[in-house]
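Below are the structure tokens for one structure; questions will follow.
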Amino acid sequence: MENNLAVGSSAIPPYPLKYTDPSGHWPDINALDPTSWITNINDSFNEFINKLSIDISSNIEDIRRGHPSPIIAKNKDKSLSDCFNNGERKIFKDYQQINEEEFSYLVDSVYYDLEKLPRFPFDIERAVYDTPFFDGGESGNDHHVCFGQDCYHQSSVNYFAQGMYSANTGISKDLSSFISNTWNEIIYSHPASEEEIFWTEKGYDLYIKKKKEAQEKKNKIRIMEKNEDE
């Protein structure tokens, strides 16, 4: 697998002065200027950028839709879910095994966080929507993490939150993957890696599953309440 890492700042500021993409990279905020994008990208991306420009102008003030994770968790045993809720990232050992139950709790936390506010497909704030798998923008921190025998760059796993974000907005899985791919094309001049697309799509499916479970739970409660009234 090609290692699509970008060199970021060696020191993570206490406040996210620069936007990051979901892979853990830390591009300069000037790179997010829609005007410069339209000037430099291929014509095939113009329609995408025009749409993005409109959404940025209408949504840029609500940074609450972002979820930056620039701070390293001091407690190395802190759960993934607690780290996410506190806006923290974890330092993983290379090829560290990820507990699937713990990851499931992280998915729950991302789901409920996404449900708190209205989301839009091209929110600029999703550029800082990170999880504990964010590597801080430092190339040496992008370790492999494993789910059983399957191992991935932690920055690629971070993309699952982008897939969940897209699913929350109601767009298709194909468009969700297109957004992840286009981000890489625009900012880093290369397409998203297979791992990044895999985790984008996995996150999309995880959100749909959680949404279905939540709806089924609501339906059961309604039936129980109706039976009690009768």
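Keep in mind the model is a prediction, meaning the values are calculated, not measured.
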Side chain proximity check, Asp108 to Ser81, heavy atoms < 4.5 angstrom: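 No - every pair of side-chain heavy atoms lies 4.5 Å or more apart.
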
Could you walk me through whether Lys76 and Ile91 satisfy the side-chain contact (heavy atoms from CB on, under 4.5 Å) test, starting with their C-alpha distance in whole Å, then the side-chain angles of each, then the deciding distance to 0.1 Å, before giving a yes or no? CA-CA 8 Å; Lys76 65 179 182 179; Ile91 299 298; over 6 Å; no

Any chance the side chains of Tyr129 and Glu125 put a donor and an acceptor closer than 3.5 Å?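 Judged by distance alone, the side chains do not pair up.
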
Start with the C-alpha distance between Lys173 and Asp205, add both sets of side-chain angles, then the distance that settles side-chain contact (heavy atoms from CB on, under 4.5 Å), and finish with yes or no. CA-CA 8 Å; Lys173 186 191 290 188; Asp205 291 337; 2.9 Å; yes

Can you label the angle between the Tyr207 ring and the Tyr111 ring as parallel, tilted or perpendicular, going by 30° and 60°?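 Ring orientation, 0 to 90° scale: tilted.
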
Look up atom CG in Leu114 and atom NZ in Lys210, then write down how far apart they are to the nearest 0.5 Å. 12.5 Å

Does any part of the side chain of Ser166, heavy atoms only, come nearer than 4.5 Å to the side chain of Pro121, both counted from C-beta?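 A side-chain contact under 4.5 Å is absent here.
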
Can you give me the closest heavy-atom contact between Met164 and Gly203, atom names plus distance?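 Minimum heavy-atom separation between Met164 and Gly203: CG-O, 3.0 Å.
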
Under 6.0 Å between ring centres: does that hold for Tyr95 and His144?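 Yes, ring centres under 6.0 Å apart.
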
pair Phe92-Asn141: side-chain heavy atoms closer than 4.5 Å: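 Not in contact.
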
Side chains of Phe103 and Val107: closer than 4.5 Å at any heavy-atom pair? yes

With Lys209 via side-chain hydrogen bond (donor to acceptor under 3.5 Å, both in side chains) - residues at least two apart: none

Within the 4.5 Å heavy-atom criterion, are Lys218 and Arg222 side-chain neighbours or not?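 They are in side-chain contact.
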
Pair Asp82, Ser79 - check side-chain hydrogen bond (donor to acceptor under 3.5 Å, both in side chains), show working. CA-CA 5 Å; Asp82 286 344; Ser79 72; 3.3 Å; yes

Ser176 and Thr200: side chain donor to acceptor below 3.5 Å: no

Between Lys90 and Lys78, is there a donor-acceptor pair closer than 3.5 Å when you use the side chain of the first and the backbone of the second? yes

Report, as yes or no, whether the 6.0 Å neighbourhood of atom NZ on Lys202 holds more than 12 heavy atoms from other residues, nucleotides or ligands.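 Atom NZ in Lys202 is not packed in, count stays at 12 or less.
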
With a 6.0 Å cut-off (strictly less than), is the heavy-atom count around CD of Glu101, excluding the residue itself, greater than 12? no

Quick check: do Asn85 and Ser109 have side-chain heavy atoms less than 4.5 Å from each other?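 Yes, at least one pair of side-chain atoms sits under 4.5 Å.
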
Are Tyr204 and Ile197 grouped together when hydrophobic residues (ILVMFWY) are joined by side-chain heavy atoms under 4.5 angstrom apart?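 Different clusters.
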
With no hydrogens and no angle check, is any side-chain donor or acceptor of Glu196 less than 3.5 Å from a backbone partner on Asn181?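 No; zero donor-acceptor contacts below 3.5 Å.
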
Distance in Å, Asn75 CG paired with Cys83 SG, rounded so as to fall on 0.5 Å steps: 8.0 Å

About how many Å separate OG1 of Thr131 and CD of Gln162, when rounded to the nearest 0.5 Å? 9.5 Å

Should the pair Asp113-Arg119 be classified as a salt bridge under the 4.0 Å nitrogen-to-oxygen rule?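 So Asp113 pairs with Arg119 through a salt bridge.
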
Gap between atom CG of Leu80 and atom CZ of Phe84 - 0.5 Å precision: 11.5 Å

Under 3.5 Å, is there a donor-acceptor pair between the Asn158 and Gln154 side chains?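 Distance-only check fails for Asn158 and Gln154.
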
With Tyr152 via ring-ring contact (aromatic ring centres under 6.0 Å, His included) - residues at least two apart: Phe198, Trp199

Donor-acceptor pair, side chain of Thr182 and main chain of Ile179, under 3.5 angstrom: no

Quick check: do Val145 and His153 have side-chain heavy atoms less than 4.5 Å from each other?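 No. Closest side-chain heavy atoms not under 4.5 Å.
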
Of all the heavy-atom pairs spanning Asn184 and Ser180, show the shortest one and how long it is. ND2-O, 2.9 Å

Check the side chains of Tyr165 and Asp123 for a donor-acceptor pair under 3.5 angstrom, ignoring hydrogens and angles. yes

Identify whether the distance between the nearest side-chain nitrogen and carboxylate oxygen of Arg89 and Asp135 falls below 4.0 Å.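 The answer is no: the pair does not qualify as a salt bridge.
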
Drop me the distance from Thr169's OG1 to Ile171's CD1, to the nearest 0.5 angstrom. 4.0 Å

Are any side-chain N or O atoms of Gln96 and backbone N or O atoms of Lys93, one a donor and one an acceptor, separated by less than 3.5 Å? yes

Mind listing the closest non-hydrogen atom pair of Gly148 and Gln97 along with its distance?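 Looks like O-NE2, 2.7 Å.
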
State the CG-CZ distance between Asp142 and Phe134, to the nearest 0.5 angstrom. 10.5 Å

Flag side-chain contact, heavy atom, 4.5 Å: Trp183 against Tyr188: yes

Spell out, yes or no, whether Ile208 and Phe160 are grouped together once hydrophobic residues are joined by side-chain heavy atoms under 4.5 Å, including indirect joins. yes

Tell me if a side-chain donor or acceptor on Asn86 pairs with a main-chain N or O of Glu88 at a distance below 3.5 Å.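 No; zero donor-acceptor contacts below 3.5 Å.
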
